[in-house]
Amino acid sequence: MPASKAVASTANRAGWPGVGPQLAGRLAKLDIHGPQDLLLHLPLRYEDETHCAAIAELNPGVPQQIEGVVTDCEIRIRGRRQLVAQVQDATGSLTVRLLHFYPQQQKQLAVGQRVRLFGEARGGMFGFEMIHPRIRTVGEGEALPTALTPVYPTTAGLAQSALRKLIARALDTHRLDELLPDALRRPLRLMPFGEAVRLLHQPPTDINADALVAHAHPAWRRIKFEELLVQQLSLRKAHAQRRARTAPPLRGTGQLTEALLAALPFALTGAQQRADGEIAADLAQPYPMQRLLQGDVGSGKTIVAALAMLRAVEAGWQAALMAPTEILAEQHYLKLSAWLEPMGQAVEWISGSLSKKVRAAAIERLASGQSMLAVGTHALIEDPVALPRLGLAVVDEQHRFGVRQRLALREKGSAGSPHMLMMSATPIPRTLAMSYYADLDVSVLDELPPGRTPILTKLVSDARRDEVLGRVREACAEGRQAYWVCPLVEESETLDLQTAIDTHASLSEQLPELKVGLVHGRLKADEKRATMAAFASGELHLLVATTVIEVGVDVPNASLMIIEHAERFGLAQLHQLRGRVGRGTAESVCILLFGNALSETARARLKVIFEHTDGFMIAREDLRIRGPGEFVGARQSGVPLLRYADLENDGDLVEQARDLAEALLREQPALAEAVMQRWVAGRESLLRA
Ligand code: ADP
Ligand code: MG
């Protein structure tokens with residue numbers, strides 16, 4: 001933790017009287033570490049307690065407030081112990097029912113007490129009834145609040161009312177400085193910060209409450225802008241910090257890369273050449289590259305990675321490639337060793353499934369620098385593996401790894417930071433990429449290698465399974481091969497497995513003339529490998545699989561894919577799965593079998609995958625259906641989360657924030673730091689992507 005931040009957060013705590021350790025612990029769960037954080041803990045919605053309704057005129061089902069006197073209160077034991085009271089005003093009487101209660105509530109509802117109740121009234125057998133209303137005892141003639149009552153996100157053990165009091169106190173005692181100079185703020189038509197914060201916590205009654213809740217009010221605009229600004233500033237700061245680290249400049253001789261290119265049976269696509277050039281330029285720098293190579297399934301990312309790895313070797317450094325699954329890692333290993341070993345470059349295979357002896361020998365060759373290239377699963381980042389001259393680390397399907405795993409790979413090197421190349425087939429729309437990955441340079445493979453035939457997608461009801469079997473028979477009779485992907489069973493790996501085993505059994509029986517194989521996640525690595533090899537060599541006609549084949553599997557002769565219960569898969573997953581076919585020259589077909597009783601979202605998803613083959617379009621639609629948070633798996637990636645702004649809807653603000661961030665850092669760095677401190681003091685863990 002940088003010293004300046006440590007000081008800021010301690011100061012924060014020290015200046016926070018009246019908050020004991022228990023309360024502080026609960027507040028910390030909400031990421032509130034001081035009064036400043038309280039001020040930025042903004043309401044989810046509001047309740048209108050500024051007037052009272054007459055009991056006789058209550059609208060059922062709408063949250064409303066009434067005021068009256070308790071005329072009766074008793075504990076009833078009917079099935080379950082409950083507290084039932086009557087509250088009366090000039091127009092009528094209302095029943096209050098508490099299904100569980102504390103002595104404190106019993107006191108509030110003692111006969112003769114004047115109370116204000118806030119809740120939804122329901123028509124009961126004997127007039128209106130409120131179950132668990134909010135109860136406030138008041139004196140006669142006590143003034144009603146003049147602002148809407150904020151409702152805050154809270155956590156177990158921290159009452160809404162307690163949080164409200166803390167925030168109200170912070171508003172009274174804490175300054176809400178305007179940090180953005182007028183000259184910058186005016187052209188953006190931003191409301192002053194203090195005014196915006198105060199308004200959101202204590203909105204006047206005549207405000208448009210819908211605009212508030214929809215985050216469309218100018219006060220929200222100001223807050224969202226500043227949040228986005230802070231995100232941009234933090235990411236730029238991370239960028240500057242990266243440039244301050246050192247990495248070995250990998251200026252290759254071109255000898256190995258040229259030899260590989262000459263040996264390939266194909267020429268690089270324009271997109272591959274461009275990405276390769278961008279990577280080569282980064283590698284030559286004395287600070288670490290951090291680049292994402294993004295390309296749809298089948299766009300040819302592997303060869304680009306191989307070229308980068310060779311550049312490291314040419315410069316006398318090691319390179320390692322890590323992939324998330326055993327199957328994928330092994331495919332990379334086979335491909336890279338086929339490409340590179342003829343050139344005298346040994347590739348070491350590191351996986352959890354190797355025998356101790358074989359593994360130890362590989363590790364030794366890497367440690368001594370005898371071998372310069374390693375491919376493996378997360379076994380690569382485990383302890384005995386040392387890559388003393390690691391110059392480049394490549395992570396395939398980077399979103400499958402956590403931040404910690406990526407950092408662990410980076411730390412395998414012993415000389416400064418290695419260059420990092422991340423690869424992903426999950427396309428991220430521009431606005432997202434721009435703001436989540438300000439410190440990640442992106443190369444895009446937006447062109448597929450030539451000679452690919454488009455995949456025809458069909459939606460077929462489960463009821464027509466027999467016809468589908470016929471198609472499998474036909475394709476295999478013509479010498480093609482097929483995948484049969486088994487459905488996911490919600491949250492049950494065991495059931496998943498059973499489904500795959502059952503499907504394999506029934507398909508083997510229904511298609512006796514075909515050789516049917518089975519792969520799933522529980523197979524031992526060598527069994528998995530043997531099955532995949534048999535399928536790749538054409539020995540097996542049909543491969544029944546769970547989603548273990550989702551990433552990276554490359555068998556060009558497979559031209560038919562059936563996905564059972566496609567409605568249970570996510571869009572990105574369907575797209576990845578479908579990308580396993582269409583890799584050869586034969587016309588490929590992907591059949592999505594769906595069950596009956598499709599939900600609204602399932603229907604929407606299937607429609608998208610049916611209509612689009614472009615990964616970027618699919619990702620956009622996915623984003624629309626799911627919302628951005630879940631989409632990127634932001635928590636996982638360690639990227640600062642946005643609490644208030646929304647990248648899809650606030651695209652204009654994102655751009656303005658980005659421009660201002662650049663200007664501030666250039667012209668007023670102290671100010672930039674102050675704005676960041678206001679938002680991220682005590683929260684720097686989120687920024688360590
Ligand atoms: P992905 O981007 O999905 O990881 P791969 O790197 O596995 O894609 O490449 C998919 C297939 O395309 C592989 O069989 C690969 O050898 C082949 N390929 C890659 N680049 C080209 C190219 N420029 N021309 C023809 N085939 C290529
Ligand atoms: Mg790949």
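All ligand and atom numbering here is 1-based and tracks the order in the structure.
The number of heavy atoms from other shown groups lying within 6.0 Å of NE2 (His378) does not exceed 12.
The residue from Arg389, His419, Met309, Arg311 that alone fulfils the side chain to side chain contact (heavy atoms under 4.5 Å, CB included) condition with Trp317 is Arg389. Each of Lys528, Lys335, Arg529 was checked for a salt bridge (Lys or Arg N to Asp or Glu O under 4.0 Å) with Glu330, and the lone residue meeting it is Arg529.
Under a 4.0 Å criterion applied to the non-hydrogen atoms of Ser299, ligand 1 contributes the atoms 2 (O), 8 (O). With ligand atoms numbered from 1 in the order given, ligand 1 contributes 23 (N) to contacts under 4.0 Å with heavy atoms of Thr269. Of all atoms in ligand 1, numbered sequentially from 1 with element shown, those under 4.0 Å from a heavy atom of Lys335 are 13 (C), 14 (O), 15 (C), 16 (O). Atoms of ligand 1 found under 4.0 Å from any heavy atom of Thr302, numbered from 1 in the order shown, are 4 (O), 5 (P), 6 (O), 7 (O). Each of the atoms 23 (N) of ligand 1 lies under 4.0 Å from some heavy atom of Leu268.
Selection from Gly300, Ala267, Pro449 by nearest heavy atom to atom 23 (N) of ligand 1 gives Ala267.
Considering only residues two or more places apart in sequence or on other chains, Arg603 meets the side chain to side chain donor-acceptor pair (under 3.5 Å) condition with none of them. For Tyr333, the ring pair (Phe, Tyr, Trp, His ring centres under 6.0 Å) partners at least two apart in sequence or on another chain are Trp349.
Considering backbone and side-chain atoms together, Trp339 places no N or O closer than 3.5 Å to any N or O of ligand 1. Geometrically, ligand 1 and Gly298 share a nitrogen or oxygen pair separated by less than 3.5 Å.
The proximity of Met423 to ligand 1, defined as any non-hydrogen pair under 4.0 Å, does not occur for either the backbone or the side chain. In Asp396, neither the side chain nor the backbone holds a heavy atom less than 4.0 Å from any atom of ligand 1.
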Assess whether side chain to side chain contact (heavy atoms under 4.5 Å, CB included) is satisfied between Val589 and Arg471, documenting all intermediate values.
CA-CA 10 Å; Val589 178; Arg471 291 199 72 117; 4.0 Å; yes
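Here the closest heavy-atom approach between residue Leu593 and residue Val468 is recorded as CD2-CG2, 4.0 Å.
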